[in-house]
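Just below is one structure, and these are the notes that go with it.
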Amino acid sequence: MTEYFDPPLVLQDKIERLAVMIQKSKHLVVFTGAGISTSCGIPDFRGPKGIWTLQREGKALPEAALPFHRATPSMTHMALVELEKAGFLKFLISQNIDGLHLRSGIPREKLSELHGDSFMERCPSCGIEYMRDFEIETIGLKETARRCSKVGCGARLKDTVLDWEDALPPKEMNPAERHCKMADVVLCLGTSLQITPACNLPLRSLKGGGKIVIVNLQKTPKDKKASLLIHGLVDKVIAGVMEFLSLQIPPFIRIDLLQTIFTQASSLDEKYINWSLTVASVHGNRAPLPFIKSVEVS
């Protein structure tokens, strides 16, 4: 699809208008798509080099610049964290499965991941969610290799990423609908607004007098419904908004946890002690450690 860019002066004016709308908002909801993760090295779908665009043209599909587990939240992800802490952002709805919103620091109770999360497992019995530091090996709400660790449960866990035929889960869809109905501003960032039924959520705000703002490089089917339409890079637009609001975008600090297990045993002649050091994931001895290449002991 063709990309459009607002002229610099027009873009700056729109950024300031958006900042004022956010500043005056009582219930801001943000709706995100693949476009907010392209700067993280994750390809989008409908851009000129997007997965579906190239697939339709019979060209080779793009590879992610980084595996999901090595991608880090973008400037936009971190700006949304600050907007939530400052009291502006009331709820976040995402169509992405890259796990970057949770990793950035958005509270789980203020996030709906409509299509699932590649790093999350859920217990179908008691409902406990397990956020991992490795990608879950299955998609389509299938059973994984691990079990629930809650005392008395032990049910086989399932992945949370939807397959094409899967309906959107009520646990994610219901709060998304409720907050869109309450919203006076729904800010759509980096989404083509073409995947149903998710793409119709922002429209729920219109009945209550809410306004829709769309920030995207391509045209969308919902452009005519928008009070403000911005054709610009999401990171640049959000950086401008944060500057206008005098808010600092916090840096992302990645923390990966592991466990070290020391064991000892006497040699057969009991003259020596043999020590063993095992480095394992905090998610279990059999869970992968994708961020560890080697361990040196001295």
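Only a predicted model underlies this, so the values are computations on that prediction, with no experimental measurement involved.
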Checklist line | Single-linkage hydrophobic cluster Met78~Leu18, side-chain heavy atoms < 4.5 angstrom | finding: yes
Check: Can you tell me how far the CG atom of Leu83 sits from the NZ atom of Lys90, to the nearest 0.5 Å?
Finding: 10.5 Å
Checklist line | Spatial distance of atom OG1 (Thr191) from atom CZ (Phe31) [nearest 0.5 Å] | finding: 5.0 Å
Notebook entry, point to check: Would Glu137 and Arg132 count as a salt bridge (Lys or Arg N to Asp or Glu O under 4.0 Å) if you check the C-alpha gap in whole Å, the side-chain angles of each, and the deciding distance to 0.1 Å?
Noted result: CA-CA 11 Å; Glu137 61 272 25; Arg132 309 301 194 185; over 6 Å; no
Notebook entry, point to check: Which residue, Leu28, Leu80, Val29, Leu89, forms the side-chain contact (heavy atoms from CB on, under 4.5 Å) with Leu187?
Noted result: Leu28
Next item on the list: Please check if the side chain of His115 supplies one atom and the backbone of Ile97 the other of a donor-acceptor pair under 3.5 Å.
Entry: no
Margin query: Looking at Gln248, I'd like to know if its CD atom is crowded, meaning that more than 12 non-hydrogen atoms belonging to other residues, nucleotides or ligands lie closer than 6.0 Å.
Written below: no
Next item on the list: Could you tell me whether Ile253 atom CD1 has more than 12 heavy atoms of other residues or ligands within 6.0 Å of it?
Entry: no
Check: Under a 4.0 Å N-O cut-off, is there an ion pair linking Arg108 with Glu172?
Finding: yes
Item checked: Pairing of Lys158 and Glu121 as salt bridge, 4.0 angstrom limit -> no
Item checked: Carboxylate-amine/guanidinium contact Asp6 Lys14, below 4.0 Å -> yes
Margin query: Taking Val161 as the starting point, is it possible to reach Met173 by hopping between hydrophobic residues whose side chains are less than 4.5 Å apart?
Written below: no
Note to self: How close do Ile22 and Phe88 get, counting heavy atoms only, and between which atoms?
What the structure shows: O-CD2, 3.4 Å
Check: So, the side chain of Ser37 versus the backbone of Cys40: is there a donor-acceptor pair under 3.5 Å, distance only?
Finding: no
Note to self: How about CG on Leu9, more than 12 heavy atoms from neighbouring residues, nucleotides or ligands closer than 6.0 Å, or not?
What the structure shows: no
Next item on the list: Kindly determine whether Leu258 and Asp256 satisfy side chain to side chain contact (heavy atoms under 4.5 Å, CB included), including the steps that lead there.
Entry: CA-CA 7 Å; Leu258 52 80; Asp256 289 312; over 6 Å; no
Note to self: Using 0.5 Å steps for rounding, measure from the CE atom of Met182 to the CZ atom of Arg204.
What the structure shows: 15.0 Å
Check: Ignoring hydrogens and geometry, is there a side-chain-to-backbone donor-acceptor pair from Arg103 to Arg254 under 3.5 Å?
Finding: no
Notebook entry, point to check: More than 12 foreign heavy atoms under 6.0 Å from CD of Glu270: is that the case here?
Noted result: no
Notebook entry, point to check: Can you tell me how far the CD atom of Glu113 sits from the OG atom of Ser118, to the nearest 0.5 Å?
Noted result: 9.0 Å
Note to self: So, taking the atom named CD1 in Ile106 and the one named NZ in Lys85, what distance separates them when rounded to the nearest 0.5 Å?
What the structure shows: 9.0 Å
Check: Is the number of heavy atoms from other residues, nucleotides or ligands under 6.0 Å of Glu165 CD greater than 12?
Finding: yes
Check: Counting only N and O atoms by type, is there a donor-acceptor contact under 3.5 Å from the side chain of Lys142 to the main-chain atoms of Ile139?
Finding: yes
Margin query: So which atom in Asp159 and which in Thr144 form the shortest heavy-atom distance, rounded to 0.1 Å?
Written below: N-CG2, 3.7 Å
Note to self: Main chain of Ser149, side chain of Tyr130: is a donor-acceptor contact present, judged purely on distance under 3.5 Å?
What the structure shows: yes
Check: Are a donor atom and an acceptor atom from the side chains of Ser276 and Gln264 found within less than 3.5 Å of each other?
Finding: no
Next item on the list: Give the minimum heavy-atom separation between Thr32 and Ser94, together with the two atoms involved.
Entry: OG1-OG, 3.1 Å
Next item on the list: Look at the side-chain heavy atoms of Ile, Leu, Val, Met, Phe, Trp and Tyr, link any pair under 4.5 Å apart, and say whether Leu245 and Val237 land in one connected group.
Entry: yes
Next item on the list: For residues Asp133 and Phe291, determine if any side-chain heavy atom of one lies less than 4.5 Å from a side-chain heavy atom of the other.
Entry: yes
Next item on the list: Taking all non-hydrogen atoms of both residues into account, name the closest pair between Arg122 and Gly127 and its distance.
Entry: CG-O, 4.0 Å
Margin query: I'd like to know whether His101 forms a side chain to side chain donor-acceptor pair (under 3.5 Å) with Ser104, so could you lay out the CA-CA distance, the side-chain angles of the two residues, the decisive distance to 0.1 Å, and finally the verdict.
Written below: CA-CA 5 Å; His101 281 307; Ser104 69; 4.8 Å; no
Margin query: Check whether Glu3 reaches the backbone of Asn216 with its side chain - one donor and one acceptor, N or O, closer than 3.5 Å.
Written below: no
Margin query: How close do Val234 and Gly190 get, counting heavy atoms only, and between which atoms?
Written below: CG2-N, 3.8 Å
Note to self: Return the CG to CZ distance between Leu233 and Phe5, rounded to the nearest 0.5 Å.
What the structure shows: 5.0 Å
Notebook entry, point to check: Sub-3.5 Å donor-acceptor pair from the side chain of Thr160 to the main-chain atoms of Gly116, do we have one?
Noted result: no
Next item on the list: Over 60° means perpendicular and under 30° means parallel, so classify the ring planes of His27 and His179, tilted if in between.
Entry: parallel
Notebook entry, point to check: Is it true that atom CD1 of Ile261 has more than 12 heavy atoms of other residues, nucleotides or ligands lying nearer than 6.0 Å?
Noted result: yes
Item checked: Side-chain donor/acceptor of Asp269 to backbone N/O of Lys271, under 3.5 Å -> yes
Next item on the list: Would you confirm whether Asp13, through its side chain, and Val10, through its main-chain N or O, come within 3.5 Å as a donor-acceptor pair?
Entry: no
Check: Is the gap between the ring centers of Phe134 and His283 under 6.0 Å?
Finding: yes
Next item on the list: Show the numbers, then the answer: is there a side chain to side chain contact (heavy atoms under 4.5 Å, CB included) between Ile214 and Lys225?
Entry: CA-CA 9 Å; Ile214 299 175; Lys225 302 286 186 180; over 6 Å; no
Check: Under 3.5 Å, side chain of Gln218 to main-chain N/O of Thr2, donor-acceptor pair present?
Finding: no
Notebook entry, point to check: Just wondering, more than 12 heavy atoms not from Lys171 lying within 6.0 Å of its NZ?
Noted result: yes
Checklist line | Any side-chain donor near an acceptor of the partner, Asp235 and Thr76, under 3.5 Å | finding: yes
Notebook entry, point to check: Where is the tightest heavy-atom contact between Gly232 and Val215, given as atom of each residue plus distance?
Noted result: O-CG1, 4.0 Å
Note to self: Is there a side chain to side chain donor-acceptor pair (under 3.5 Å) between Ser267 and Asn274? Walk through the geometry before answering.
What the structure shows: CA-CA 6 Å; Ser267 60; Asn274 294 322; 5.4 Å; no
